[in-house]
Amino acid sequence: MTTGEARTDWETVIGLEVHCELRTQTKLFCACRNSFGEEPNTNICPVCLGLPGSLPVLNRTAVEYAMRIGTALHCRIQASQFHRKNYFYPDMPKDYQISQYDVPINADGWLDLPSGQRVGIVRAHLEEDTGKTTHMGGGGRIHDAAHSLVDYNRSGVPLVEIVSAPDMRSAEEARAYVDELRAILVATGASDGKMEEGSLRVDANVSVRRRGETAFGTRCEIKNMNSLRSLGRAIDYEAARQIALIEAGGAVTQETRHWDENAGRTGSMRSKEEAYDYRYFPEPDLVPVDPSPEWIAAVAAELPRLPAERRAALAAASGLPGDSEAVATVVRLGLDDLVEAAAASTATASVAVRRVANEVASDPEAAARLDRVAFARLVAMEAGGELTSAQARTVLKAIMDEGGDPAAVAAQLGFEAMDSGDLDRVVDEVIAGSPDEWARFCAGEEKLQGLFIGAIKKATEGKADLKAASTLLRARRGG
Amino acid sequence: MATMSARITTQDVAHVAQLARLELTEEELERFTGQLAAVLEHARDVEALDTAGVAPTAHPLPLRNVLRDDIVGPSLPRAEVLAAAPSVEADRFRVPRILGEAP
């Protein structure tokens, strides 16, 4: 839609609103089960159906989870009040949503991206989720639908809405923010962070301005992005649309726009005339939530280690860089304990990070039942040179699938340790077998190293530690 | 929405009626505008008080942190709930065509 050249004159400004479903047993204001994927309308009661005379009672655990999130995001946790947000829509049987308005439970925090960039958190407030509508007829598209069906199982499920400051300047940064926020939410235990199941939903406020300007442009709110990938695509599309509009002499209208994943574009959801007036007012059926300093301190004391701290610890232990993709993967999947169980030294820690990030991470189910002690033993064997990395991967795969002791599995597979004297001898034989190539390698033809390594691999039937072999080759050459 | 210092107009009342999905005739609009103006007049008396030292009060009860434990209780039998609905399809509430996305 726009050229790369035009883009350099423009800056995109992004703020994100993330709705996160809390992992409580019950809903926010009633004792109905909070559970995804159940038979429709089986977890409903007079409170979450908004029947007359029913009264909400706030879930203590939901408040505590909100406080955990606030603490992790360095927010001020404060006395707060619930409000009614009034609107008519069949996903909300009461015709209002109970939310927080002028005084959210968490305010004024921040989140540091792995790059070091800090993103401000304006607020993180508690509210209830809405029911789920399914549009029937017209291929499921709302405007063509003949009628809609509503399942209220999700109605009243506790949410924390996390509103960032407009501190992001690219789709890349927005994705990094959501990725890090999701990791933090999962680490606190407050959320499962599953975007694909809708327990994490992201809306983006996007505006553009000419580079160097300090005032913000008119923003549009983009909804309906179901993955990090679609978040990035939607932001890029929307920024390009706004730039093209302004460059053509038009102006951006503040509105809500819907991301169409298949068409790859955003579309206007409603006209300005229909702009909502929610008539917020204090919820008379709920008293203020005012966590005591003792409660706030107790939540902070029990907060698990957060991803940034865990990445730093793993990087320090393994000698890998702090922004290592492997380290990030281990932490993202919550497999740090596996690495830590195997990390007796820098060498074992770095092998453990690699094995977890590469092999273990690819099979989360097997990862969950992988024996910590067996894994630690395998890592020690690889780090100690008893197994080559190729052999270690094969053994790891076997113990992930079948269990068992790595030494026994290695022996069974014929992966006997090759002592360094044997390797020395093989290296000499291989060099002697190809004198011309060796001379060229010595003269600096680096790509010939592959030929020698291949020959060593063949001569040892794959048992050689190829890293050690490569070190030996270079030592023979003199560097 | 008009502030209390400005006089409420029939446009304000029409807007509020629209938000509340009420269909009012011209005559009703006139009548309710007069009635609402009287209510707001009364509120203006309160507004005249000096409340500089009074904390905002969202609730008259001296209660805070009324909380329940996160323990699952019984939900309603689905058949009973759906039997009270005007229209049902595939164990869901069936509602007329929706004209826009959720707000």
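Letters A, B, ... are given to chains in the order of the sequence lines, protein chains preceding strands, and every chain is numbered from 1.
- No more than 12 heavy atoms of other residues, nucleotides or ligands sit less than 6.0 Å from atom CZ of A/Arg33.
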| query | For B/Asn65 and A/Val289, what are the C-alpha separation, side-chain angles and deciding distance, and is it a side-chain contact (heavy atoms from CB on, under 4.5 Å)? | reply | CA-CA 5 Å; B/Asn65 301 327; A/Val289 194; 3.6 Å; yes
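- For A/Val47, no part lies near chain B; criterion is any non-hydrogen pair under 4.5 Å.
- Using a 4.5 Å cut-off between heavy atoms, A/Thr134 touches chain B through its side chain atoms alone.
- The side-chain heavy atoms of B/Glu89 and A/His147, taken from C-beta on, include a pair separated by under 4.5 Å.
- Environment of CZ in A/Arg219: sparse, with no more than 12 heavy atoms of neighbouring residues, nucleotides or ligands closer than 6.0 Å.
- Put simply, the side chain of B/Asp70 does not reach to within 4.5 Å of the side chain of A/Tyr65, judged on heavy atoms.
- Using a 4.5 Å cut-off between heavy atoms, A/Phe29 touches chain B through its backbone atoms (N, CA, C, O) alone.
- Judged by distance alone, the side chain of B/Arg64 and the main-chain N or O of A/Asp290 form no donor-acceptor pair under 3.5 Å.
- Closest of all the heavy-atom pairs between B/Val66 and A/Val287 is CG2-CG2, 3.5 Å.
- Close approach to chain A, defined as a heavy atom under 4.5 Å from one of its heavy atoms, is seen in no residue of residues 26-38 of chain B.
- Residue A/Leu286 touches chain B through its backbone alone, counting heavy-atom pairs closer than 4.5 Å.
- Between A/Asp277 and B/His15, the closest side-chain pair of non-hydrogen atoms falls below 4.5 Å.
- Of the two parts of A/Lys132, neither the backbone nor the side chain holds a non-hydrogen atom closer than 4.5 Å to a non-hydrogen atom of chain B.
- Smallest separation of non-hydrogen atoms from A/Phe88 and B/Arg21: CD1-CG, 3.5 Å.
- When heavy atoms are compared at a cutoff of 4.5 Å, A/Cys30 approaches chain B solely by way of its backbone atoms N, CA, C and O.
- Closest approach of B/Ala90 to A/Pro40, counting heavy atoms only: O-CG, 4.1 Å.
- At a 4.5 Å heavy-atom cutoff, A/Gln97 makes no contact with chain B through either its backbone or its side chain.
- Contacts between A/Pro46 and chain B at a heavy-atom distance below 4.5 Å involve backbone atoms as well as side-chain atoms.
- In this structure, chain B has heavy atoms under 4.5 Å from both the backbone and the side chain of A/Gln25.
- To the nearest 0.5 Å, the span separating CZ on B/Phe93 from CD1 on A/Ile44 amounts to 4.5 Å.
- For residues 76-86 of chain B, the interface with chain A (any heavy-atom pair closer than 4.5 Å) comprises B/Leu76, B/Arg78, B/Val81, B/Leu82, sorted by residue number.
- Both the backbone and the side chain of B/Leu63 come within contact range of chain A, with heavy atoms under 4.5 Å apart.
- A heavy-atom distance below 4.5 Å is not found between the side chains of A/Asn59 and B/Leu67.
- When A/Pro90, A/Pro282, A/Ala79, A/Ala62 are compared by the number of non-hydrogen pairs under 4.5 Å with chain B, A/Pro90 comes out ahead.
- Using a 4.5 Å cut-off on side-chain heavy atoms (C-beta onward), A/Val150 and B/Arg92 make no contact.
- In this structure, a donor-acceptor pair under 3.5 Å is absent between the side chains of B/Asp91 and A/Asn41.
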